[in-house]
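Atoms within each ligand, like the ligands themselves, are counted from 1 in listed order.
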Amino acid sequence: MNFDPLLDALADPGWIAVPGFLPADLARSVAAECAVRWGEGEFQRAGVGRGAALAIREDIRRDHVLWLDRLNAGRAQTTWLDTIEDLRVVMNRGLYLGLNEYEGHFAIYPAGGFYKAHLDRHENTQSRIITAILYLNDGWQPGDGGELKIWTTPGDKDGAFELIEPRLGTLVLFRAGDFWHEVLPANKTRMSITGWFRV
Ligand code: OGA
Ligand code: MN
């Protein structure tokens, strides 16, 4: 896989959306593994904040998450984690980011789910450097909602923005501390893997 365009974009402007990053058959297998774990009741409501301040805030976000874990990962998830690991190494070489970890979770937004505008860096820690989101929704149509709205000027949440449809196999990368973003209300179940490269 050639990651050069991703590195160039992360250097400037700091974000990129790549439709078809993951081949459709592999992305479908990842989605199927996600659906099985959901069916087994393994997801938890996502919270806001961290540590003792972690709280369920239905006014802010309405997704359910399951953290990825190599030991419990199916074949497709393992392939995804291997791809992410390759990307981590290449980003360190090309951008000198010193990333030493990845943490990622499946996210499911039931119909009506959203996540209000936010940055991905927690207030008290600066450890999340790059956000990576992989969308898992086969046959997503305009009108299904659930677009990622990303404001394209670092630090800004009022000006220019782009809307990215959460289509099967699309990857989005951005500098976690720089870009305000939000998930618009989804009109049907929306699946993804969201993760962070950390220091
Ligand atoms: C997040 C997030 C965006 C998306 O989980 O922090 O912003 O498009 N997700 O799923
Ligand atoms: Mn986010």
Side-chain angles (χ1 to χ4, degrees), residues 9-10 14-22 27 30-31 34-35 37-38 43-51 53-68 77 80 84 101-138 140-157 161-198:
L10 284 173
W15 72 280
I16 186 172
V18 191
F21 175 81
L22 212 65
V30 178
C34 176
R37 303 288 294 275
W38 172 258
F43 283 61
Q44 297 188 323
R45 293 201 104 93
V48 173
R50 64 191 279 277
L54 183 68
I56 304 299
R57 290 284 307 270
E58 288 226 320
D59 53 330
I60 298 179
R61 68 185 292 189
R62 295 207 183 162
D63 55 330
H64 301 244
V65 301
L66 174 66
W67 289 94
L68 300 188
Q77 276 168 83
W80 171 248
I84 277 288
E101 245 173 55
Y102 168 81
E103 58 177 8
H105 59 58
F106 284 124
I108 293 193
Y109 291 73
F114 57 79
Y115 191 164
K116 292 279 165 74
H118 64 280
L119 292 171
D120 279 353
R121 254 192 212 169
H122 292 127
E123 262 167 41
N124 303 321
T125 70
Q126 305 293 305
S127 59
R128 290 177 168 177
I129 306 300
I130 303 287
T131 300
I133 310 169
L134 174 70
Y135 296 110
L136 300 174
N137 306 294
D138 207 0
W140 197 263
Q141 301 289 330
D144 289 342
E147 293 88 352
L148 173 67
K149 178 174 182 179
I150 179 165
W151 281 266
T152 52
T153 306
D156 182 30
K157 61 166 171 169
F161 61 83
E162 301 257 352
L163 295 180
I164 297 159
E165 293 177 339
R167 288 182 180 275
L168 185 77
T170 296
L171 174 72
V172 175
L173 295 174
F174 56 87
R175 291 187 176 261
D178 289 346
F179 293 93
W180 284 87
H181 58 283
E182 121 170 62
V183 177
L184 299 181
N187 299 323
K188 63 180 204 192
T189 305
R190 174 195 196 269
M191 276 194 283
S192 58
I193 294 179
T194 302
W196 297 274
F197 295 94
R198 296 157 38 111

**Student:** Specify side chain, backbone, both or neither for Asp120, according to which of its non-hydrogen atoms lie closer than 4.0 Å to ligand 1.
**Tutor:** side chain
**Student:** Would you mind telling me if ligand 1 is within reach of the side chain of Glu182, the backbone, both or neither, using heavy atoms under 4.0 Å?
**Tutor:** neither
**Student:** Does a salt bridge link Arg45 with Glu58, judged by any charged N lying under 4.0 Å from a carboxylate O?
**Tutor:** yes
**Student:** Quick one: which ligand 1 atoms are inside 4.0 Å of a heavy atom on Trp196?
**Tutor:** 6 (O)
**Student:** As an exercise, identify every atom of ligand 1 less than 4.0 angstrom from a heavy atom of His181.
**Tutor:** 2 (C), 7 (O)
**Student:** Show me the donor-acceptor pairs within less than 3.5 Å that the side chains of residues 188-195 make with the rest of the protein, sequence neighbours left out.
**Tutor:**
{"residue": "Lys188", "atom": "NZ", "partner": "Asp144", "partner atom": "OD2", "Å": "3.1"}
{"residue": "Arg190", "atom": "NE", "partner": "Gly146", "partner atom": "O", "Å": "2.8"}
{"residue": "Arg190", "atom": "NH2", "partner": "Gly146", "partner atom": "O", "Å": "3.1"}

**Student:** Would you call the rings of Trp196 and Trp67 parallel, tilted or perpendicular if under 30° counts as parallel and over 60° as perpendicular?
**Tutor:** tilted
**Student:** Which heavy atom of the protein is the closest neighbour of atom 10 (O) of ligand 1, given with residue, atom name and distance?
**Tutor:** Arg190 NH1, 2.9 Å
**Student:** Roughly how far apart are Leu148 CG and Tyr135 OH, rounded to 0.5 Å?
**Tutor:** 4.0 Å
**Student:** What do you reckon, is CD of Gln44 surrounded by more than 12 foreign heavy atoms closer than 6.0 Å?
**Tutor:** no
**Student:** Quick check on contacts: which atoms of ligand 1 are under 4.0 angstrom from a heavy atom of Leu148?
**Tutor:** 3 (C), 8 (O)
**Student:** Which is the closest N/O/S atom of Asp120 when seen from the Mn ion (ligand 2)?
**Tutor:** OD1
**Student:** Please state whether the rings of Tyr102 and Phe197 are parallel, tilted or perpendicular, taking 30° and 60° as the class boundaries.
**Tutor:** tilted
**Student:** What's the atom name of the N, O or S in His181 nearest to the Mn ion (ligand 2)?
**Tutor:** NE2
**Student:** Please report whether ligand 1 has a polar contact with Asp63, defined as an N or O pair separated by less than 3.5 Å (distance criterion only).
**Tutor:** no
**Student:** Hey, what do you get for CZ (Arg61) to NZ (Lys116), rounding to the nearest 0.5 Å?
**Tutor:** 13.5 Å
**Student:** Of the protein's non-hydrogen atoms, which lies at the shortest distance from atom 5 (O) of ligand 1, and what is that distance?
**Tutor:** Thr194 CG2, 3.6 Å
**Student:** Out of Tyr135, Tyr115, Trp180, indicate the one that has the non-hydrogen atom closest to atom 1 (C) of ligand 1.
**Tutor:** Tyr115
**Student:** How long is the span from the CG atom in Leu10 to the CH2 atom in Trp15, to the nearest 0.5 Å?
**Tutor:** 11.5 Å
